[in-house]
J.: 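Take this structure, written in structure tokens, and hold onto it; I'll ask about it next.
Here is how names work: the chains are called A, B, and so on, in the same order as the sequence lines, proteins then strands, and each is numbered from 1.
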Protein chains: 2
Amino acid sequence: MPVSTLTDPTLKDAHNLINTGFEHGEMITLVGKCEIDYDGRASSHLPPGERLVILKPDGTLLVHGNEQRKPVNWQPPGSTHSAHLSGDCLIIESVRTSPHEELDIMFQMVAQASRFGLDGVSEFNLEGSEEDLRQRILADPDILETGFSAMATERETSAGPIDIYGQDADGTAIAVELKRRRVGPDAVGQLNRYVEALERNRPGKSVRGILVAPSVTERAKQLLASENLEFVSLTPEQGDTSQPTDFSKDAEK
Amino acid sequence: MPVSTLTDPTLKDAHNLINTGFEHGEMITLVGKCEIDYDGRASSHLPPGERLVILKPDGTLLVHGNEQRKPVNWQPPGSTHSAHLSGDCLIIESVRTSPHEELDIMFQMVAQASRFGLDGVSEFNLEGSEEDLRQRILADPDILETGFSAMATERETSAGPIDIYGQDADGTAIAVELKRRRVGPDAVGQLNRYVEALERNRPGKSVRGILVAPSVTERAKQLLASENLEFVSLTPEQGDTSQPTDFSKDAEK
DNA sequence: GCTTAAATGTCGCGT
DNA sequence: ACGCGACGTTTAAGC
């Protein structure tokens with residue numbers, strides 16, 4: 001796993017390293033003082049400052065400062081990168097199409113330039129997702145409500161797809177919206193759209209709407225009540241008995 | 001702007017560099033082969049593979065592969081990092097509290113280790129945000145609708161804050177929801193929640209709801225119609241006459 | 001600290 | 001390519 005690193009290189013040497021990295025489809029990192037312009041979905045300008053710049057072979061570009069998880073500037077995968085020297089600056093240009101977005105990084109000084117290859121993507125499985133919550137309910141529908149039976153997942157309505165569509169012991173239709181974590185008003189609005197869409201399609205017949213999540217906020221609880229929707233507390237993970245002290249914040253139906 | 005870099009260091013030397021970086025409040029980057037476990041809001045495991053790891057002095061941790069804008073694993077700012085040698089591994093531990101989240105990175109091999117300081121945050125102003133759109137309307141309310149007058153921004157309702165609350169030439173109340181880009185059903189649901197909250201609070205009096213965005217999707221248009229809500233096409237930027245070919249996709253009131 | 005909604009959100013999946 | 005919704009969303013602002 002070879003890494004080529006230049007410390008305090010001339011801009012010309014940094015430029016050469018970058019181009020070699022491009023040719024080999026490698027990762028490139030640059031540390032130095034630079035000024036940055038972005039124009040695309042929005043636009044921004046960063047005055048000269050010290051940053052870490054990362055170029056990935058898939059066209060991703062990241063600019064990181066010394067704080068925050070989010071890059072201060074970036075380009076998404078698929079962008080096209082190029083580097084050139086102009087006067088006393090090393091300029092990195094990144095262009096994306098559809099939508100058109102452009103990012104220009106002007107380096108006054110490069111303190112470090114590196115290039116290296118990384119192996120491809122490896123197996124990665126995340127546990128605790130909304131999909132896990134769905135599987136939990138489909139495997140044992142009674143945990144949602146005694147007598148519940150699932151009839152479809154991702155059932156289409158004019159307002160969008162319902163996570164689980166089913167019926168209760170009486171045969172009344174139920175729309176179930178799943179959330180992996182505590183929810184606010186947005187999730188209630190989502191469920192409400194689906195229920196209203198179903199009711200518009202089957203006039204006269206009522207449809208129950210059930211929001212399934214670990215818990216709901218107070219405002220969401222009020223909205224559920226005013227829309228005549230229901231809530232069932234479930235987590236994606238089976239034996240999740242976390243935060244017993246937070247029990248007071250769990251909203252019940 | 002001093003950068004200390006080690007190429008193909010022993011794990012012991014890499015360990016020393018990391019601890020020195022911690023002491024000095026510096027950025028640290030590591031390139032090497034590692035295995036990663038995460039447990040917190042969800043949980044995941046990454047088998048051994050080559051990655052770029054970034055540690056920021058504010059407690060941020062990023063793990064990047066050779067693709068994607070998003071890190072494959074991370075810890076948010078405020079996390080606590082530590083490094084130690086264990087057998088033939090260099091282990092980085094990161095812990096976050098509230099919620100408790102833990103990330104363990106086990107390096108089998110380090111190809112590059114660096115530490116360097118970056119100067120603080122600098123001026124950064126983004127243009128084209130929803131706030132810009134709001135300013136545009138407040139400066140000239142007629143661009144929304146002739147006779148419109150704004151009475152409040154972020155006006156609170158039982159369903160949440162309305163972007164702009166005002167009235168039309170007839171004195172009828174209007175809730176305005178702003179979006180900086182083309183919107184889907186979620187934005188319609190949001191506006192609808194606000195309008196219904198206002199109507200619940202002032203029974204008998206009707207409230208108009210206007211969604212302001214560059215354009216809406218077809219489904220959103222249908223939802224607007226079924227909820228009796230309106231749409232006005234505006235962009236955050238003044239002279240934004242982009243995508244004339246997309247005009248057919250702009251929904252009109 | 002919790003809630004709420006914006007974001008250059010990003011990302012994957014479906015049409 | 002666009003629509004749609006999940007995401008360990010992250011982040012900021014208000015309370």
J.: Respond yes when some side-chain nitrogen or oxygen of Lys179(A) is under 4.0 Å from OP1 or OP2 of dA6(D), and no when none is.
T.: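 Yes, such a contact exists.
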
J.: Hey, does the side chain of Tyr194(B) come within less than 4.0 Å of dT4(C)'s phosphate (OP1/OP2), counting only N and O?
T.: no

J.: Which is true for Pro77(B) with a 4.0 Å heavy-atom rule: it touches a base, it touches only sugar-phosphate, or it touches nothing?
T.: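 Pro77(B): backbone/sugar contact only, no base atoms under 4.0 Å.
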
J.: Does a side-chain N or O of Trp74(A) approach OP1 or OP2 of dT10(C) to a distance below 4.0 Å, or not?
T.: yes

J.: Should Gln190(A) be listed as having a side-chain N or O under 4.0 Å from OP1 or OP2 of dC4(D)?
T.: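 It does not, given that no N or O in the side chain of Gln190(A) lies less than 4.0 Å from OP1 or OP2 of dC4(D).
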
J.: Would you say that more than 12 heavy atoms from the other residues, nucleotides or ligands in this model lie under 6.0 Å from the CG of Asn228(A), or not?
T.: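 No, because the 6.0 Å sphere around CG of Asn228(A) holds 12 heavy atoms or fewer from other groups.
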
J.: May I ask you to verify if any side-chain N or O of Arg41(A) is less than 4.0 angstrom from the OP1 or OP2 atom of dT10(C)?
T.: yes

J.: Answer with base, sugar-phosphate or nothing: what part of the nucleic acid does Glu101(B) contact at a heavy-atom distance below 4.0 Å?
T.: base

J.: Check whether any side-chain N or O of Arg219(B) sits under 4.0 Å from OP1 or OP2 of dC4(D), and answer yes or no.
T.: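 Yes, such a contact exists.
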
J.: Can you check whether Gln68(B) has a side-chain N or O nearer than 4.0 Å to OP1 or OP2 of dT10(C)?
T.: no

J.: Looking only at side-chain N and O atoms, does Arg69(B) come under 4.0 Å of OP1 or OP2 in dA7(C)?
T.: no

J.: At under 4.0 Å, does any side-chain N or O of Thr217(A) touch on OP1 or OP2 of dT4(C)?
T.: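 Yes, because at least one side-chain N or O of Thr217(A) sits under 4.0 Å from OP1 or OP2 of dT4(C).
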
J.: Is His45(A) close to Glu35(A) at the side-chain level, that is, under 4.5 Å between some pair of heavy atoms?
T.: yes

J.: Think Arg181(B) has a side-chain N or O under 4.0 angstrom from the OP1 or OP2 of dG3(D)?
T.: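 Arg181(B) to dG3(D) OP1/OP2: no side-chain N or O under 4.0 Å.
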
J.: Nearest 0.5 Å please: distance from the CH2 atom of Trp74(B) over to the CZ atom of Arg69(A).
T.: 5.0 Å

J.: With a cut-off of less than 4.0 Å, is there a side-chain N or O of Arg96(B) near OP1 or OP2 of dG8(D)?
T.: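 So the side-chain polar atoms of Arg96(B) never come under 4.0 Å of the phosphate oxygens OP1 or OP2 of dG8(D).
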
J.: State, without any angle test, whether Lys56(B) and His64(A) hold a side-chain donor-acceptor pair at a distance under 3.5 Å.
T.: yes

